[in-house]
Colleague: 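Quick one: this structure, given as structure tokens, is what I'll be asking you about.
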2 protein chains.
Amino acid sequence: MASNAIPSETQRAKLERKERVILDAARAIFVDHGFDGARMQEIARRAGIGEGTVYSYYESKAELMLAVLQQFWDGLTLEAEGVMASVEATDLFARLEALARYHLNTVIVNADFINLTFALRRNNSEVSVSRDHLRHYVAVFDRLFLRGQDRGELRADAVLWQARDIFYGSLEYSARSIETTMEADRSTREQLPVVDEMVALFRAHYGATGNPVIVDEVGLATRLDKLAAQIDTLSRCLPRP
Amino acid sequence: MASNAIPSETQRAKLERKERVILDAARAIFVDHGFDGARMQEIARRAGIGEGTVYSYYESKAELMLAVLQQFWDGLTLEAEGVMASVEATDLFARLEALARYHLNTVIVNADFINLTFALRRNNSEVSVSRDHLRHYVAVFDRLFLRGQDRGELRADAVLWQARDIFYGSLEYSARSIETTMEADRSTREQLPVVDEMVALFRAHYGATGNPVIVDEVGLATRLDKLAAQIDTLSRCLPRP
DNA sequence: CGACAATATCGAGTGCTATTCAATTAGCCT
DNA sequence: AGGCTAATTGAATAGCACTCGATATTGTCG
């Protein structure tokens, strides 16, 4: 694969370009036909190269698929970090909500890839690599959670990996439910409640108990009603301006 | 497959017995070698029949695998129901804990089968059947949850499928974490905290508080602040009574 | 520029398996 | 027994990932 002699820069660039071409072709074919349904011949044809050439870039079909998945998850990681960066709110739960919303939407939109990722879980040897990329992806959550603990917004005795499993496990299952129950218009309709639920759950279970955050909803509602009535009364007493 | 003429009872029994023999052999081979690694020849040999005969009982390798999985999940369903029946406590959360403990342990012990189940998610056509059996399995949780709502132990406005996804999604991810982080002694050591966490979470988030309706606290607080400001303004405009 | 070396590409072959099917056997009824 | 149907078999088929010797391309040095 890699030559002993150092190839010129243009040469290396050419190889990398071809690598990308193969990867793109593979990506398209895998998404269209799944792992087993994809034929190496078709991938090669789509990439515009011979079948054997593919094997001088990737050892096997499984490894090719793995490369596709790595590219995919790396992209997701960048996007997730971007989402976190773009949320100006410093409130932990607002950021958690943004992450949950992004993740849920991503999992639904890219269901093909998610399924492919888990389909590869058959071959033991290559799973580990894929798992590294998952780890990298979920690190976004980890950072958020740890910072929340540092700031005292979250219970200090909460266990990170358990919270992480709850977060991503629930969202993945929810995504599947949403997919199957509502085929069409899965873009925004029924997702919001799921995310709200998740955030509320984290607030209720992981939120620091001693926190100044409002807890008594009924009290709030009562106060709200009283205020509304007050305003009503006041408004009527006002002279026309 | 099924004959038009009604075979004698012994004949039917014989066929069913052979079906079971094939299923058992397939189960063993699939667990040992995974889906791709399993060879139909070996399954046939283990069942003590010719290779072609398998195909007069099951259309294809995938369908054979599916039958194995169905048998597996049906067994789990029975076991889960047994667990529920054996818990004498009527307390909802005690029963929930028993179910969680059973499920987590099962998922860890039978990780092979769980992975095989999801590995089949490649072939679209056959997924549905598998999904029915999953539905049947999770119905145990559904009944528990609905009864909890009926009795007022759980919030009435909780959405069943969301709670279900949180329950099983979290447990599956936790199981995977437990598997990978602690190879040995995954029997009892680190499982308990996960289950406790899950039950505590359900208690905190889904347990009926005294109030009938839960509202979005942040939204309420915002409205409250706005109203207060409004009142302030209005008050200043008012003539002294 | 031309020849040689190194490297990249190709696609027809190889090997491995799921699946089929024509031939054979076993079961059952009169 | 003999004939009929259904079950069984395993050798043949077919499809696909992967290999490998032949060929083309690129790079280098005189």
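So that the names make sense, note that chain A is the first sequence line, chain B the second, and so on, each numbered from 1.
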Colleague: Please report, rounded to the nearest Å, how far the C1' atom of C:dA12 is from the CE atom of A:Met40.
Modeller: 17 Å
Colleague: Quick check for you: to the nearest 0.5 Å, what is the distance between A:Ile178 atom CD1 and B:Gln162 atom CD?
Modeller: 8.0 Å
Colleague: List for me each residue that meets salt bridge (charged side-chain N to carboxylate O under 4.0 Å, His left out) alongside A:Asp157, sequence neighbours excluded, and say none if there are none.
Modeller: A:Arg155
Colleague: Reckon B:Thr53 has a side-chain N or O less than 4.0 Å from the OP1 or OP2 of D:dT9?
Modeller: yes
Colleague: Rounded to the Å, how far apart are A:Asp36 CG and C:dC16 P?
Modeller: 20 Å
Colleague: Counting only non-hydrogen atoms, which of residues 45-52 of chain B are less than 4.0 Å from DNA chain D?
Modeller: B:Ile49, B:Gly50, B:Gly52
Colleague: Quick one: are A:Tyr173 and A:Val107 in side-chain contact, heavy atoms under 4.5 Å?
Modeller: no
Colleague: In whole angstrom, what separates A:Glu59's CD from D:dC18's P?
Modeller: 10 Å
Colleague: Would you be so kind as to tabulate the donor-acceptor pairs closer than 3.5 Å made by side chains of residues 92-103 of chain A, with sequence neighbours excluded?
Modeller:
{"residue": "A:Arg95", "atom": "NE", "partner": "A:Ala89", "partner atom": "O", "Å": "3.0"}
{"residue": "A:Arg95", "atom": "NH2", "partner": "A:Met84", "partner atom": "O", "Å": "3.1"}
{"residue": "A:Arg95", "atom": "NH2", "partner": "A:Val87", "partner atom": "O", "Å": "3.3"}
{"residue": "A:Glu97", "atom": "OE2", "partner": "A:Arg101", "partner atom": "NH2", "Å": "2.4"}
{"residue": "A:Tyr102", "atom": "OH", "partner": "A:Leu76", "partner atom": "O", "Å": "3.3"}
{"residue": "A:Tyr102", "atom": "OH", "partner": "A:Glu79", "partner atom": "OE1", "Å": "2.9"}
{"residue": "A:His103", "atom": "ND1", "partner": "A:Tyr137", "partner atom": "OH", "Å": "2.8"}

Colleague: If you look only at distance, which donor and acceptor atoms sit under 3.5 Å apart when one is on a side chain in residues 141-148 of chain A and the other is two or more places apart or in another chain?
Modeller:
{"residue": "A:Asp142", "atom": "OD1", "partner": "A:Arg164", "partner atom": "NE", "Å": "2.9"}
{"residue": "A:Asp142", "atom": "OD2", "partner": "A:Arg164", "partner atom": "NE", "Å": "3.4"}
{"residue": "A:Asp142", "atom": "OD2", "partner": "A:Arg164", "partner atom": "NH2", "Å": "3.1"}
{"residue": "A:Arg143", "atom": "NH2", "partner": "A:Glu81", "partner atom": "OE2", "Å": "3.1"}

Colleague: Quick one, A:Tyr58 and A:Met65 - any side-chain contact, counting heavy atoms below 4.5 Å?
Modeller: no
Colleague: Grab the CZ-P distance between B:Phe35 and C:dT17 for me, whole Å please.
Modeller: 14 Å
Colleague: What does A:Ala38 touch in the nucleic acid at a heavy-atom separation under 4.0 angstrom: a base, only the sugar-phosphate, or nothing?
Modeller: sugar-phosphate
Colleague: Tell me the side-chain hydrogen bond (donor to acceptor under 3.5 Å, both in side chains) pairs involving residues 25-34 of chain B, sequence neighbours left out?
Modeller: none
Colleague: Looking at A:Ser56, I'd like to know whether one of its side-chain N or O atoms comes within less than 4.0 Å of OP1 or OP2 on C:dA8.
Modeller: no
Colleague: Could you grab the distance from atom NE2 of A:His133 to atom CG of A:Leu69, nearest 0.5 Å is fine?
Modeller: 9.5 Å
Colleague: Looking just at side-chain N and O atoms, do B:Glu63 and B:Tyr55 make a donor-acceptor pair shorter than 3.5 Å?
Modeller: no
Colleague: Figure out the CD/P separation between B:Gln41 and C:dA18, and round it to whole Å.
Modeller: 9 Å
Colleague: Specify the separation, in whole Å, of atom CD1 of A:Ile29 and atom P of D:dA17.
Modeller: 12 Å
Colleague: Would you mind reading off the distance between B:Leu64 atom CG and C:dT19 atom C1', rounded to a whole angstrom?
Modeller: 13 Å
Colleague: Tell me whether the OP1 or OP2 atom of C:dT9 has a side-chain N or O from A:Tyr57 closer than 4.0 Å.
Modeller: yes
Colleague: Would you sketch DNA chain D in dot-bracket for me? Only Watson-Crick or G-U wobble pairs with both distances under 3.5 Å count, crossing pairs as [ ], other-strand pairs as |, the rest as dots.
Modeller: ||||||||||||||||||||||||||||||
Colleague: Is there a side-chain polar atom (N or O) of B:Lys18 under 4.0 Å from OP1 or OP2 of D:dT8?
Modeller: yes
Colleague: Roughly how many Å is it from NE2 in A:His33 to C1' in D:dA17, rounded to a whole number?
Modeller: 17 Å
